[in-house]
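To start, the structure under review is shown below, and the notes come after it.
Letters A, B, ... mirror the listed sequences (proteins, then strands); counts begin at 1. Bear in mind that the values here come from a model prediction, so they are computed numbers and not experimental data.
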Amino acid sequence: MKLSEKNADFFEKVYMVVKLIPKGRVTNYGSIAHYLGSGRSSRMVGWAMNNAHFQKDFVPAHRVVNREGVLTGKHHFASPTQMQELLEAEGVEVLNDKIVNFESHFWNPAKELELD
DNA sequence: TGGGTGACCATAG
DNA sequence: ACTATGGCCACCC
């Protein structure tokens with residue numbers, strides 16, 4: 001996997017934000033992309049997540065879901081159930097690959113990080 | 001060079 | 001509520 005410098009910078013920012021997600025909270029790809037300036041699309045965030053496991057530091061990718069709160073990326077984990085188990089371990093209820101009461105658990109980086 | 005794909009999202013009808 | 005379409009940007013044939 002080769003990364004141009006611009007991508008590497010984008011990846012770093014994505015990982016930084018993902019690492020800042022509080023335990024028991026979740027966010028979506030679009031919010032991260034928008035927070036980073038939306039110069040990139042949400043697809044790039046998902047692409048970054050696909051490469052997250054290349055990072056030395058653990059990236060809580062299980063806290064990133066799509067805008068519906070669905071665990072779209074679960075198949076990319078070590079085990080298909082890993083993502084759900086990690087979320088449930090943090091107190092996030094998951095039903096049929098979807099986060100229950102998603103709005104309650106939602107964590108918006110653009111809002112939380114900017115307003116302190 | 002160009003088409004297909006992707007852990008996506010917003011809008012229109 | 002649901003489908004269709006376009007935008008997004010990088011990757012891989």
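- Between the C1' atom of C:dC9 and the CZ atom of A:F11 lies a distance of 11 Å, rounded to the nearest Å.
- Picking from C:dC9, B:dA7, B:dC9 the nucleotide with the shortest atom distance to the side chain of A:S42 gives B:dC9.
- Distance A:L36 CG to C:dC9 C1': 14 Å, rounded to the nearest Å.
- Comparing the same atom, P, in B:dA7 and in C:dC2 gives a spacing of 23 Å after rounding to whole Å.
- Comparing C:dC9, B:dA7, B:dC9 by their closest approach to the side chain of A:A61 singles out B:dA7.
- Ranking C:dC11, C:dC8, B:dA7 by closeness to the A:M49 side chain, first place goes to B:dA7.
- With C:dA10, B:dA7, C:dC8 as the candidates, the nucleotide lying closest to the side chain of A:F77 is B:dA7.
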Practice prompt. Evaluate side-chain contact (heavy atoms from CB on, under 4.5 Å) for A:D97 paired with A:Q84, printing each intermediate quantity in order.
Written response: CA-CA 7 Å; A:D97 297 343; A:Q84 179 171 343; 3.9 Å; yes
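- Rounded to the nearest 0.5 Å, atoms CD (A:Q55) and NZ (A:K19) are 6.5 Å apart.
- Checking B:dA7, C:dC8, B:dG6 against the side-chain heavy atoms of A:T72 singles out B:dA7 as nearest.
- The nearest whole Å value for the distance from the CD atom in A:E68 to the P atom in B:dA10 is 11 Å.
- Within the model, atoms CD1 of A:I32 and CE of A:M49 stand 6.0 Å from one another, a figure rounded to the nearest 0.5 Å.
- The nearest pair of heavy atoms linking A:S42 to A:G30 is OG-CA, 3.4 Å.
- Shortest non-hydrogen contact noted between A:K98 and A:E68 is CE-O, 3.6 Å.
- Of the candidate nucleotides C:dC9, B:dA7, C:dC11, B:dA7 has the atom nearest to the side chain of A:H76.
- Regarding A:N66, its CG atom lies at a distance of 11 Å from the P atom of B:dA7, rounded to whole Å.
- OP1 or OP2 of B:dC9 lies within a sub-4.0 Å distance of a side-chain N or O belonging to A:N28.
- The CD atom of A:Q82 sits 15 Å away from the C1' atom of B:dA7 (whole-angstrom rounding).
- Atom CH2 in A:W47 sits roughly 12 Å away from atom C1' in C:dC12 (whole-Å rounding).
- Atom-to-atom, NE2 of A:H34 to C1' of C:dC9 comes out at 17 Å; the value is rounded to the nearest Å.
- For A:R67 and C:dG7, the CZ to C1' distance is 15 Å, given to the nearest whole Å.
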